[in-house]
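Let me begin by presenting the structure, written as C-alpha cells, before commenting on it.
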Protein chains: 2
Amino acid sequence: MTRVMDALPARKTLPRLDESLLTHLPPFSRLERRQIRTILDQATSRRYEVGVAVFSEGHPAERFYMLLDGYVRVVRITPTGEQVTALHIPAGQLLGIAKAIGRTTYPATAITATDSIALSWPTRLWDTFVSEYEGFATETYNTLGHRVGEMNTRIVELATQQVEQRVANALLRLINQTGRKVEGGIEIDFPITRQDLSELTATTLHTVSRLLSGWEKQGLVESRRKRIKVCDPHALVVLSQS
Amino acid sequence: MTRVMDALPARKTLPRLDESLLTHLPPFSRLERRQIRTILDQATSRRYEVGVAVFSEGHPAERFYMLLDGYVRVVRITPTGEQVTALHIPAGQLLGIAKAIGRTTYPATAITATDSIALSWPTRLWDTFVSEYEGFATETYNTLGHRVGEMNTRIVELATQQVEQRVANALLRLINQTGRKVEGGIEIDFPITRQDLSELTATTLHTVSRLLSGWEKQGLVESRRKRIKVCDPHALVVLSQS
DNA sequence: CTGCGATTTTGCTCTGGCGCAAACTCCTGA
DNA sequence: TCAGGAGTTTGCGCCAGAGCAAAATCGCAG
C-alpha cells in the first residue's frame, strides 16, 4: 500500500553476506566457518517492508527463511476474511519450515509487522541442511516444539479465559518476546494496532480499546498510536490469572 | 474410579508380539521383517482401560507410544481444573512423541477414550528409531504436521466461529476420523458424553445438550447415552459454515 | 429386578462483549 | 502548513451462551 516505490526493487542479493550474521543463531551455532560460508552463499537476502506477505497460506513451500531483523506475524485468514494471528516471530528464528513437518504448502501466511530482513533458501536444500549440519535439525525441532507449545497455550486460553485475561496475556507475551525496556516501562518493539491485538486475542478492536483505556487510567499501560508500553507488568499478570 | 480390580494387574508383556501388528502402520511400513522383530522385542505392550491416563502433562517423557487399538484424548488441564481437549488420536498413530519436538516432558495428558492397547518404548530408543529406521522420521513428522494443522484449525475455529458451528465441526471431524458406518448414519466409534464434546468445543455440556436435542428433532442426529450417530452429515456441514 | 449414580434435558436469569454508529485525534504525504 | 485518512475512543442496545437449579432418564452393579 504505502511507499510502493520501495517495494518494487526490494529483491536483491547483497554482494557478500558476513558470517557473523549466522554464527550466533541457534540453528547454525555449532557449525564451522566454512559451512556457514556455504550456507550464506546459497542464501538469498531480501528486505521486506512492513505489511508485506513473506509467503502465503496454501502456496507451494518453495523456500524457507531465517528472519534476520524485524518481526513477522503468522496469520490465517478465514473464508469470511477475518484474520487470526497464530504466532509472532522475532528476529533470529526460522520460518516457513513447512518441510520440517512434511508439508509441501505453507500452512499460514507470514506478514511483516515491521520492515524486516530475511535470508531464504530453496526448500530442496532442506534435506541437506538437516543431514549435513549438526544441530540444525535439533534446533529446528526445538523451535517447532516451542511453537506447538504456544499454540497449545492459545487453545487453552481461547477455550477458558475471558477477553480481559486474554488481552492481558497477549500483552505480557509480547513484551516478553519482543519487549524493549524504556523509560517507565517496557514497550512493544514494533507498531501494533488495536486491530492487531484483537486478531491476536479473538476479540474486536473496540473491546481492546476499552480495555486499554481502562488500564491506562489505572496506570498499568501507556499507549499512543500503534505503540503500547506496559508500565506495571505485575498488575497485568494478576489480571491475567483471576 | 471404576473397576479398580482390573486396573492393578494391567501391565504385562505379551509372550511374543506378531510382526503383522506393525507392518501396515506408516512409521514402520518400509521396514524389513527383521527390523520389525527387533522393534517389537524392545516394546512393552499394555492394555489401558477407559478413562486411564497413558501419560500426564509435565511428567518426564520416559516413553513413547504406538496406539494399537482404541482411542485416546489428548487434554490439557487448566489451573482452575477445567479440561480442554486438544486432539483425538485413533489407533495406528504414535503418541507421546515429545522427543520429536525437543521436549523432555509431556506437553499434555493422554487419556483413553475406550479400552485401549498400546506398545511403548523407552525414549532413549527414539534417536535409534529416527536414524536406523527408514521412513520413521518422515512419517513421524508428517503426523506432527497433521496435528499442527489440526491445532491451527482449532485456533481459528475458537477465534471466529459460534458455538453451534464449532460443535457441528467437532462432530464432523469425529465421524471422519473415528466414525463407523451403521444403520441409518455414521456413529462415533467410542463412548462420548456431552461433557466430552463440550471440552472439545470450549462450551458447556448444557449448550451441547440443547444443540443435540435441537438437531435430533430435525433428524440430523440420533443419540443415546454416550453414543452419537450422525444421520445427515451434509446438513451439519451446511450448519458448520453459515 | 431394583436402586443408585451418572448422564442428560430443560427452564430461567443474567451478563460479557459484540455490533453499530459517530465523534475524535493523530500522523503522513503533498 | 494543511487535508485526509488511518487509527482510536466512546456510547448504546442487544443477544448468544454461560450459570444456576432441578427434574428426568438411563443403564449398570449387585
Side-chain angles (χ1 to χ4, degrees), chain A residues 1-7 49-51 80-84 113 115 157-168 170 188 190-218 221-229 239 242, chain B residues 1-6 49-51 78 80-82 84 113 115 157-168 170 188 190-217 221-229 239 242:
Chain A
M1 323 279 168
T2 52
R3 294 201 287 159
V4 179
M5 291 302 287
D6 284 349
E49 5 186 328
V50 59
T80 62
E82 290 154 296
Q83 292 197 2
V84 179
D115 290 352
E157 280 185 15
L158 286 173
T160 63
Q161 298 189 327
Q162 308 268 90
V163 168
E164 181 175 45
Q165 298 167 16
R166 297 208 301 270
V167 175
I188 294 171
F190 56 85
I192 184 167
T193 65
R194 310 291 186 260
Q195 174 77 35
D196 292 335
L197 251 184
S198 74
E199 285 170 5
L200 202 54
T201 50
T203 178
T204 59
L205 76 160
H206 309 280
T207 301
V208 170
S209 176
R210 277 181 251 270
L211 286 171
L212 285 180
S213 298
W215 292 341
E216 184 138 20
K217 278 186 195 120
Q218 298 169 49
V221 305
E222 274 175 44
S223 70
R224 347 174 244 126
R225 230 172 208 233
K226 294 192 176 189
R227 287 283 158 194
I228 301 174
K229 180 171 80 181
L239 264 182
S242 52
Chain B
M1 324 279 170
T2 52
R3 292 202 288 159
V4 179
M5 291 301 288
D6 284 348
E49 7 185 327
V50 59
T78 67
T80 61
E82 291 154 295
V84 179
D115 289 351
E157 280 185 15
L158 286 174
T160 64
Q161 298 190 327
Q162 308 268 88
V163 167
E164 181 174 45
Q165 298 167 17
R166 297 207 302 269
V167 175
I188 295 171
F190 55 85
I192 184 166
T193 65
R194 308 290 186 261
Q195 174 78 36
D196 292 335
L197 251 184
S198 73
E199 285 170 4
L200 203 53
T201 50
T203 177
T204 60
L205 76 160
H206 308 278
T207 301
V208 170
S209 176
R210 278 182 250 269
L211 286 171
L212 286 180
S213 297
W215 293 341
E216 184 137 19
K217 279 187 193 117
V221 305
E222 273 173 45
S223 71
R224 342 174 249 126
R225 228 165 212 239
K226 294 193 177 187
R227 287 285 158 193
I228 301 174
K229 180 171 81 180
L239 263 183
S242 53

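By convention in this document, chain letters (A, B, ...) are assigned in the order of the sequence lines, proteins followed by strands, and residues within each chain are numbered from 1.
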Just verifying a value: how many Å separate [X] [atom1] and [Y] [atom2], rounded to the nearest 0.5 Å?
{"X": "A/I228", "Y": "A/L197", "atom1": "CD1", "atom2": "CG", "result": "4.5 Å"}
{"X": "A/R166", "Y": "A/L211", "atom1": "CZ", "atom2": "CG", "result": "10.5 Å"}
{"X": "B/Q162", "Y": "B/L239", "atom1": "CD", "atom2": "CG", "result": "12.0 Å"}

Any donor-acceptor pair under 3.5 Å linking the side chain of [X] with the backbone of [Y]?
{"X": "A/R227", "Y": "A/I192", "value": "no"}
{"X": "A/Q165", "Y": "A/S242", "value": "yes"}
{"X": "A/Q83", "Y": "A/E199", "value": "no"}

Terminal axis angle for the helix from C/dC1-D/dG30 to C/dA30-D/dT1, five pairs an end, nearest 10 degrees: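 Roughly 50° between the end axes, to the nearest 10°.
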Distances for protein N/O vs nucleotides 21-24 of chain D N/O pairs under 3.5 angstrom?
from   : atom 1 : to     : atom 2 : distance (Å)
D/dA21 : N6     : B/H206 : ND1    : 3.4

To the nearest angstrom, how far is [X] atom [atom1] from [N] atom [atom2]?
{"X": "B/D196", "N": "C/dT7", "atom1": "CG", "atom2": "C1'", "value": "11 Å"}
{"X": "B/W215", "N": "C/dT10", "atom1": "CH2", "atom2": "P", "value": "15 Å"}
{"X": "B/R194", "N": "D/dG17", "atom1": "CZ", "atom2": "C1'", "value": "18 Å"}
{"X": "A/K226", "N": "D/dA6", "atom1": "NZ", "atom2": "C1'", "value": "8 Å"}
{"X": "B/R227", "N": "C/dT7", "atom1": "CZ", "atom2": "P", "value": "14 Å"}
{"X": "A/R224", "N": "D/dT8", "atom1": "CZ", "atom2": "P", "value": "11 Å"}

Contact summary for A/T160 and B/T78, nearest pair of heavy atoms: CG2-CG2, 3.7 Å
Criterion side chain to side chain contact (heavy atoms under 4.5 Å, CB included) on B/Q161 and A/T80, from CA distance to verdict: CA-CA 11 Å; B/Q161 298 190 327; A/T80 62; over 6 Å; no
Within less than 4.0 Å of OP1 or OP2 of D/dG7, is there a side-chain N or O belonging to A/S209? no
Residues in side chain to side chain contact (heavy atoms under 4.5 Å, CB included) contact with A/T193, at least two apart in sequence or another chain: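 Side chain to side chain contact (heavy atoms under 4.5 Å, CB included) list for A/T193, sorted by chain: A/Q195, A/D196, A/K226.
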Suppose we screen for salt bridge (Lys or Arg N to Asp or Glu O under 4.0 Å). Which residues come up paired with A/E222, at least two apart in sequence or across chains?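 If we apply the salt bridge (Lys or Arg N to Asp or Glu O under 4.0 Å) test to A/E222, skipping adjacent residues, the hits are A/K229.
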For C/dC27, does the base pair up with any side-chain atom of A/R225 as donor and acceptor (N or O, under 3.5 Å, distance only)? no
Summary of side chain to side chain donor-acceptor pair (under 3.5 Å) pairs that have at least one residue in residues 202-215 of chain A, sequence neighbours excluded: A/T204-A/T207
Short heteroatom pairs, N/O only, protein and nucleotides 15-18 of chain C, under 3.5 Å:
from   : atom 1 : to     : atom 2 : distance (Å)
C/dG17 : OP1    : A/V163 : N      : 2.8
C/dC18 : OP1    : A/T203 : OG1    : 3.2
C/dC18 : OP2    : A/T203 : OG1    : 2.5
C/dC18 : OP2    : A/T204 : N      : 3.4
C/dC18 : OP2    : A/T204 : OG1    : 3.2
C/dC18 : OP2    : A/T207 : OG1    : 2.6

For a quick check of understanding: with a heavy-atom distance under 4.0 Å over all strands, which category does B/L205 fall into, base, sugar-phosphate or nothing?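 If one applies the 4.0 Å heavy-atom cut-off, B/L205 turns out to touch a base.
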